[in-house]
A.B. asks: 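Provided herewith is a single structure, encoded as structure tokens, for subsequent inquiry.
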Amino acid sequence: MDELEFKIDLQSGRIDKILADFMPKTSRSQIQAWIKGGNLSVNGEVVKANYKVQLGDTLKLTIPEAEKINVTPENIPLDIVFEDDDLLVVNKPTGMVVHPSKGHLTGTLVNGLLYHVNTLSEGTAYVRPGIVHRIDMDTSGLLVVAKTNEAHQKLAEQLENHTMEREYYALVHGVISHEDGTIDAPIARMHIDRKKRTVAEGGKHAITHFEVVERFKNYTLVKLNLETGRTHQIRVHMKYIGHPVVGDPMYGPSETITGFGQFLHAATLGFVHPTTKETMHFEAPLPDYFADKLAELRKI
């Protein structure tokens with residue numbers, strides 16, 4: 001366990017951003033995880049990430065010993081769309097969990113990455129090396145994975161600043177009459193079931209933009225752009241406006257199309273490369289089961 005101490009002489013602003021300046025090789029997400037875990041104090045008092053530093057403040061950061069990565073590398077086939085020394089872009093299939101968790105210790109994307117890739121960033125937890133952002137188990141599509149801590153930090157900043165392009169396709173219940181819309185509704189954990197989220201006052205700021213692509217009898221295909229990235233955001237927001245995602249086992253109706261997981265696909269991913277500064281843009285076609293279902297619906 002290491003302890004670092006910093007003195008505020010000229011700096012100003014949020015403490016998580018100030019600490020990131022002091023520790024440029026550490027990802028912002030890792031710093032925020034330490035703060036959330038109560039590892040940062042100011043003048044002897046534990047503070048939150050939004051604390052504004054004051055002249056003369058003494059910051060003390062306790063870095064816990066890194067947990068041993070005991071996630072087993074597995075020879076799982078991965079659809080790697082792009083790879084270089086800093087990052088890789090993966091097209092995740094539906095049914096695959098992104099990182100190990102209780103009940104999902106094997107068969108995850110991280111298990112596969114540890115087999116196929118020589119180095120990954122530390123991530124925000126020992127079971128999440130390289131993972132900059134996640135998509136749900138039953139959501140398919142594109143993810144960017146960081147190989148270095150520097151790349152991780154810069155990619156995470158793009159997520160935080162809402163400059164990373166993320167576009168999804170979803171088949172939803174009901175026929176949406178208008179052509180497009182924006183859902184601006186805060187999302188919070190449900191008190192009854194902590195695994196689920198809901199729209200609630202005091203929740204985290206969340207904005208989803210959508211437009212209608214195609215209408216069917218009883219269903220609508222929509223394209224969605226995320227301005228924020230809350231857990232289950234699209235699924236919660238679409239349920240909130242009365243058009244839950246088809247096949248969604250958590251937020252959808254009991255009578256829904258099943259067998260493939262939810263019909264939600266992360267089709268487009270765009271970001272600025274953390275090293276080359278090149279604008280990167282990737283697209284992944286709808287998986288076969290999704291495209292086949294649309295073809296079936298067109299015949300009705």
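Note that this is a predicted model, so its numbers are computed, not measured.
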A.B. asks: Any pair with a residue in residues 232-241 that passes salt bridge (Lys or Arg N to Asp or Glu O under 4.0 Å), sequence neighbours left out, goes on the list, sorted by first then second residue, please.
C.D. replies: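 Found Asp136-Arg235, Arg235-Asp248.
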A.B. asks: Give me each pair satisfying salt bridge (Lys or Arg N to Asp or Glu O under 4.0 Å) with a member in residues 164-175, each pair once, sequence neighbours excluded.
C.D. replies: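 Listed by first then second residue: nothing to list.
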A.B. asks: Test of understanding: with ring pair (Phe, Tyr, Trp, His ring centres under 6.0 Å), list the residues that count as partners of Phe290, not counting sequence neighbours.
C.D. replies: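 Partners of Phe290 under the ring pair (Phe, Tyr, Trp, His ring centres under 6.0 Å) test: Phe263.
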A.B. asks: What residues form a ring pair (Phe, Tyr, Trp, His ring centres under 6.0 Å) with Phe6, not counting sequence neighbours?
C.D. replies: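 Ring pair (Phe, Tyr, Trp, His ring centres under 6.0 Å) check on Phe6 returns Phe22.
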A.B. asks: Report the distance from atom CG of Leu59 to atom CG of Asp57, rounding to the nearest 0.5 Å.
C.D. replies: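 The CG atom of Leu59 sits 6.5 Å away from the CG atom of Asp57.
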A.B. asks: Quick one: does His243's side chain have a donor or acceptor within less than 3.5 Å of a partner on His173's backbone?
C.D. replies: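 Side chain of His243 to backbone of His173, a donor-acceptor pair under 3.5 Å: yes, one is there.
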A.B. asks: Please name all residues satisfying ring pair (Phe, Tyr, Trp, His ring centres under 6.0 Å) with Tyr251, sequence neighbours left out, ordered by chain then number.
C.D. replies: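 Checked Tyr251 against ring pair (Phe, Tyr, Trp, His ring centres under 6.0 Å); matches are His232.
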A.B. asks: Could you check whether Glu296 pairs with Lys293 (Lys NZ or Arg NE/NH1/NH2 to Asp/Glu carboxylate O, under 4.0 Å)?
C.D. replies: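 Looking at Lys293 together with Glu296, the answer is yes, because their closest N to O distance falls below 4.0 Å.
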A.B. asks: Tell me the closest heavy-atom pair linking Leu114 and Pro129, and the distance in Å.
C.D. replies: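 Looking at all heavy atoms of both residues, the shortest contact is CD2-CG, 4.3 Å.
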A.B. asks: Would you tell me whether Gln32 and Asp16 have side-chain atoms, one donor and one acceptor, within less than 3.5 Å of each other?
C.D. replies: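 Yes, side-chain donor-acceptor contact under 3.5 Å.
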A.B. asks: Is a donor on one side and an acceptor on the other found under 3.5 Å between the side chain of Asn43 and the backbone of Thr58?
C.D. replies: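 Flag set: sc Asn43 to bb Thr58 pair under 3.5 Å.
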A.B. asks: Could you list who else is in Val144's hydrophobic cluster, with ILVMFWY side chains joined at under 4.5 Å, directly or through other members?
C.D. replies: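 Grouped by the 4.5 Å side-chain rule, Val81, Phe82, Leu87, Val89, Val132, Leu142, Leu155, Leu159, Met164, Leu269, Phe271, Met280, Phe282 form the rest of the cluster around Val144.
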A.B. asks: Residues in ring pair (Phe, Tyr, Trp, His ring centres under 6.0 Å) with His133, at least two apart?
C.D. replies: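 Checked His133 against ring pair (Phe, Tyr, Trp, His ring centres under 6.0 Å); zero matches.
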A.B. asks: Of all residues at least two apart in sequence or in a different chain, which pass the side chain to side chain contact (heavy atoms under 4.5 Å, CB included) check with Asp9?
C.D. replies: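 Partners of Asp9 by the side chain to side chain contact (heavy atoms under 4.5 Å, CB included) criterion, ordered by chain and then number, come out as Lys7.
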A.B. asks: Using a strict cut-off of less than 4.0 Å between a Lys/Arg side-chain nitrogen and an Asp/Glu carboxylate oxygen, indicate whether Arg215 and Glu179 qualify as a salt bridge.
C.D. replies: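 Between Glu179 and Arg215 there is a salt bridge, with a charged N closer than 4.0 Å to a carboxylate O.
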A.B. asks: If only side-chain N and O atoms count, and only distance matters, is there a donor-acceptor pair under 3.5 Å linking His237 with Thr208?
C.D. replies: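 On atom types as modelled, these side chains qualify, holding a pair under 3.5 Å.
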A.B. asks: Using the side-chain hydrogen bond (donor to acceptor under 3.5 Å, both in side chains) criterion, which residues pair with Gln11? Sequence neighbours excluded.
C.D. replies: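 Applying side-chain hydrogen bond (donor to acceptor under 3.5 Å, both in side chains) to Gln11 gives none.
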A.B. asks: Tell me every residue that passes side chain to side chain contact (heavy atoms under 4.5 Å, CB included) with Ser41, counting only those two or more places apart in sequence or in another chain.
C.D. replies: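 Expected list: Lys60.
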A.B. asks: Just by distance, with hydrogens left out, do Asp84 and His273 show a side-chain donor and acceptor under 3.5 Å apart?
C.D. replies: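 The criterion, which ignores hydrogens and geometry beyond distance, is satisfied for His273 and Asp84.
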A.B. asks: Taking side chain as C-beta onward, heavy atoms only, is Tyr168 less than 4.5 Å from His265?
C.D. replies: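 Not touching, per the 4.5 Å side-chain cut-off.
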A.B. asks: Which other residues end up in the same hydrophobic cluster as Tyr115, if Ile, Leu, Val, Met, Phe, Trp and Tyr are linked when side-chain heavy atoms come under 4.5 Å apart?
C.D. replies: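 Via sub-4.5 Å side-chain contacts, Tyr115 links to none.
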A.B. asks: Please go through Val272's hydrophobic cluster and name the other residues, only I, L, V, M, F, W, Y counting, with side-chain heavy atoms under 4.5 Å joining them.
C.D. replies: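 Val272 clusters with nothing; isolated.
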A.B. asks: Please report the closest heavy-atom contact between Pro249 and Asp138, naming both atoms and the distance.
C.D. replies: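 For Pro249 and Asp138, the tightest heavy-atom pair comes out as CG-OD2, 4.3 Å.
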A.B. asks: Is it the case that the side chains of His152 and Glu122 hold a donor-acceptor pair, with the cut-off being a distance below 3.5 Å and no angle test?
C.D. replies: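 The answer is no; no qualifying pair exists.
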A.B. asks: Will you find, in the side chains of Glu283 and His281, an N or O donor that is under 3.5 Å from an N or O acceptor?
C.D. replies: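 A donor-acceptor contact under 3.5 Å links the two side chains.
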